[in-house]
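Quantities reported herein were computed from a predicted structural model and do not represent experimental measurements. First listed ligand is number 1; within each ligand, the first listed atom is number 1.
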Amino acid sequence: MSQKLLVPDIGDFEKVEIVELLVKAGDKIKLNDPLVTIESDKSSIEIPSTIEGTIELVNVKVGDKVSKGDLLLNILSSKEIPLKKIVPKDTESIIQEAETTLKNKEEQFIKKESIKKENKKIIQVLNNNDIDPLETQDWIESLSAVVKKDGNQRAHFLIKELINKAYREGSNIPYTQNTPYINTIPPESEVKSNGDQNIERRIRSLIRWNAAAMVVRANKKFPELGGHIGTFASAATLYDVGMNHFWRAKNNKFGGDLVYFQGHSAPGMYARAFLEGRLNEKQLDSFRQEVRPGGLSSYPHPWLMPKFWQFPTVSMGLGPMLAIYQARYMKYLINRGLIKDEDRKVWAFIGDGEMDEPESLGAIGLAAREKLDNLIFVVNCNLQRLDGPVRGNGKIIQELEGSFRGAGWNVIKVIWGSYWDSLIANDKTGHLVKIMNETVDGEYQAMKARDGAYVREKFFGKYPETQKLISSLSDKDIWRLNRGGHDPHKVYAAYDQASKNQGSPTVILAKTIKGYGMGKTGESVNTAHQTKKLDVDDLLYYRDRFNVPLTDEQVKNTEYFKPDEKSPEIKYIKERRMTLGGFLPERTTYSKPIKAPVKNIFDFMKVSTNEKEMSTTMALVRMLTNLLRDKNVSPRLVPIIPDEARTFGMEGFFQKIGIYAHEGQKYEPEDSAQLSSYKEEKSGQVLEEGINEAGAMSSWIAAATSYTNHDIEMIPIYIFYSMFGFQRIGDLAWAAGDSQARGFLIGATAGRTTLAGEGLQHQDGHSHLIASTIPNCVSYDPTFHYELAVIFREGLRRMHDKNENIFYYITTMNENYTHPAMPKDKNCEEGILKGMYKIREFNKHKKTKIQLLGSGTILREMIAGAEILQNEYKIDSEIWSVTSFNELRRDGMETERYNLLNPDKEQKTSFVERCLGKTEGPIMAASDYMRMNSDQIRPYINKSFYSLGTDGFGRSDTRKNLRKFFEVDKEHIVAYGLSVLAKEQLIASKYAKEAIKKYNIDGNKPMPTKL
Ligand SMILES: Cc1ncc(C[n+]2csc(CCOP(=O)(O)OP(=O)(O)O)c2C)c(N)n1
Ligand SMILES: [Mg+2]
């Protein structure tokens, strides 16, 4: 039966052009196969088939303009095209459920109405004064009975019901975000470790010692090197328990847990690797001395130690955020069927001071919302940061508990060690917990800087009940009362519970002591953070404190200690790691390259668009749509968009590849009848991040390092509003470089005068300069669609086929213009990639010449200016499209360095010099960026060089007015071009003066930087 396929609802667009026919008569098609591509001035979308069959007749051709309801094709099919979109099954059941709930509610309401006007009893919850202790006792006993008989869950349920009832009765129950200041896991529920505690303690002591020795030795040699002892000293148990029992390494059977180590706890990781035999003494002795190969980096830097560190974390706040998005990305890969679900975890270690960074807490809502039960945060709450207490007057653990609980996390507090268990159990009056709740962190810190007698007086001495509780304890016993984060049993129990938790991320808030074991010099003192030198007495104390088997002499020499290979300690440490699959941290890559698409995949971008105008953003979207047809590339693309898909004309992707949503789509979207309706899917490919540039960049980093963390090469393409890109997330971009990320960053709506109308905070005139500061970031500012195609394809080849550890930053614009065909010159492609090529030459008059260099949209002003110069002033010119001043500068620097190093050899020529060296006339360059952008190549050419640019704050206006304001329009190019020639004494100055007058250029107008 012949069926008619019509143009579906395409939103607000009318008369949209058909730019591609993807089928012909006789083709067999399946449901959802793309049939034609249509393109408005803002977006390009494929129309898929709504039926399977054979194409009988194609009723349209490329160039036709179509609207909703127009006939596209006739299809021979045994099925009928559904008249209206079928409501998905899920949606149907949701609607039914909602209707039933509504009905029930109505019934309840009717019932309620009939019993209204009952005298409401107001329940007043009193905090302190118990007006009826007997009644309280009754309730408490009832609760205990429930716990005993039916368990905690039942008790929890009843309490929740009581609270609900109380609310409905109108009681004013105060909101509590906190639980008491005690461990979340009661002793009787603790899962016990089956490890050998004695041997683990000995190993831990050696790691502690060697970590401290490494820092001390480095600073003895070179006091300027720095380093940290106190941080790892506080976190050693937290790391050891994980290393011995929880963290599984990557190997050929398992993908591996991913651990984000706290940046300045790195010495502890090196010290462990030393015992494991992965690092030797010589390497420890080159801590923070990395210029000679083999040194150990101060902090986790994959760029500097590419076989060791996986995640850069030392810029505080980035680690937690990156870890959240890493966990989310892991679920994305699983849900898209690209990796197996092996219950891998992401662990992130964070300092309590670091939690003050907005980035640390900024994404915790997402982690809960997306139910990231593969994510575990461990916050090392040693109560101190660099200068002093994190919350001297408060309690950081309680504050964080509130924030994380509020966000929906599973919170496990590990506050008190096992020595406290019996005291808390015997605290029948509740006064001990009362003091624990009342004591502020400043006091807790001060107590650990003193001694047992002080704690007896200042802490237990507050109430007679607590004095009595510890009356049989000596000061030494009191001093031994340990904190949870230093107790391997408590830490084990917390890790065990966290690993088994389902449906939410977990945060472990572990209370520790900064500089634990460092005695008077470092323990709990405000200066603990920067203590990097320990004198002999301190070292002797440290040795004794942890029973390190070294003689006094060896201690004086700060010797490392490593037991014999056959010792129980070394055997144990290795056996534990072998059981857990291998060593950690370790960075490896077993991913397979993605074959670069066929060379002609972008050929459609190498021909002229003739009359048709389009922006480079639009060209990019067309290019991506085409890439989605390449079977190697398509599944690996990860488009990342922070709520700007419609701005960039990418809404067609919603239907085509879906938006990732871990729960699928539980609602029928408002625009479900439209072609580019908002489609969320569990296997969706687009990461639509909402208004969240930092989150989007974190997702991009996770995808861009997928080749090492998940052994699958992916192609992330993060498209952002150029001004809200590098400038906003610069530090993350730097971390991306460190992480050896591979992928594309697209700064769309770029240029200070090209994004018209928006204004100061929107118009980017410097992102290329920021990009240039990242050594492995390759950046381009293309003007025409074929340039973009050449650059993008080469990026795919270099990064994803040849696996170079670089990433690309490309700016695209939203100005519509026609695009010429790619010049036939065989060197054109090389020039595009190296940074410049000659695009046109005006050679009519053969008298005076100027070299004009333009980049991005301003290249078009250059071309227009050159035409005026030729036609009205008889000036010839050569016009160069500069696709990357950054790349040209890099080549220039390298050439210059070679020449300086080899004065006796034949001197090399920079690419700029090769292009311009033998040309005639001075050079004038311009871009839609600050002058510094084009100035970058000034040193590498032996000719007069002038640059124009958009220095100054942007503002809203039309493109024409903005270009006039910033003096990069064709009129200024003509006037300044003539002035340059006059200055070079190639023409008389009167021509320039005339042009300035002719174009109403106000010589008295201040520099735009001053306006
Ligand atoms: C963004 C950033 N700001 C400042 C620093 C310098 N810095 C390094 S460690 C530190 C204190 C960290 O305190 P905390 O997070 O509590 O870690 P702790 O050493 O106490 O475990 C500071 C301020 C940094 N590394 N990164
Ligand atoms: Mg701290």
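- If you check the side chains of Thr512 and Asn380, you find a donor sitting under 3.5 Å from an acceptor.
- In this structure, Phe546 has its ring center closer than 6.0 angstrom to the ring center of Tyr542.
- Of the polar atoms of Val390, none of the N or O atoms is found under 3.5 Å from an N or O of ligand 1, judged by distance alone.
- Atom 22 (C) of ligand 1 has as its closest protein heavy atom Leu386 CD1, 3.9 Å.
- Aromatic rings from Tyr492 and His245 are positioned such that their centres are separated by under 6.0 Å.
- With respect to atom 5 (C) of ligand 1, the closest heavy atom belonging to the protein is Met316 CG, 3.8 Å.
- The aromatic ring centroids of Tyr260 and Trp247 lie 6.0 Å or more from each other.
- Here Asp352 meets the criterion, with an N, O or S atom under 2.8 Å of the Mg ion (ligand 2).
- Between Tyr718 and Phe807, the ring center distance fails the sub-6.0 Å criterion.
- With His529, Glu359, Glu354 as candidates, the residue nearest to atom 11 (C) of ligand 1 on a non-hydrogen basis is His529.
- Coordination check, Asn382 versus the Mg ion (ligand 2): passed, since an N/O/S atom of the residue sits under 2.8 Å.
- Residue-level proximity to ligand 1 for His264 is carried by the side chain, the only part with a heavy atom below 4.0 angstrom.
- The distance from the Mg ion (ligand 2) to the nearest N/O/S atom of Gln384 is under 2.8 Å.
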Next on the checklist: For Asn410 and Gln497: C-alpha separation, side-chain torsions, deciding distance, then whether side-chain hydrogen bond (donor to acceptor under 3.5 Å, both in side chains) applies.
Outcome noted: CA-CA 10 Å; Asn410 171 40; Gln497 201 187 87; 4.6 Å; no
Checklist entry - Could you walk me through whether Gln262 and His228 pass the side-chain hydrogen bond (donor to acceptor under 3.5 Å, both in side chains) check? => result CA-CA 12 Å; Gln262 199 185 348; His228 303 89; over 6 Å; no
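- Here is the list of ligand 1 atoms found below 4.0 Å of a heavy atom in Asn382: 18 (P), 20 (O), 21 (O).
- Close approach to Val314 involves these atoms of ligand 1, each under 4.0 Å from a residue heavy atom: 24 (C), 25 (N), 26 (N).
- Considering Pro389, Gly353, Gly515, Gly230 only, the shortest heavy-atom separation from atom 14 (P) of ligand 1 involves Gly353.
- Donor-acceptor pairing under 3.5 Å is lacking for the side chains of Asn437 and Gln398.
- Nearest non-hydrogen protein atom to atom 21 (O) of ligand 1 is Gln262 NE2, 2.9 Å.
- Scanning the protein heavy atoms around atom 19 (O) of ligand 1, the nearest turns out to be Thr231 OG1, 2.6 Å.
- Of the protein's non-hydrogen atoms, Lys514 NZ, 3.2 Å is the one closest to atom 18 (P) of ligand 1.
- With a 6.0 Å cutoff to the six-membered ring centre and a 45° limit on the axis angle, Lys511 counts as a cation-pi contact of Tyr444.
- Checked by distance only, ligand 1 and Gln384 come closer than 3.5 Å through their nitrogen or oxygen atoms.
- One finds a salt bridge joining Glu190 and Lys490 here, because a Lys/Arg side-chain nitrogen approaches an Asp/Glu carboxylate oxygen to under 4.0 Å.
- Assignment of His228 to the shell around ligand 1 is not supported, since no heavy atom sits closer than 4.0 Å.
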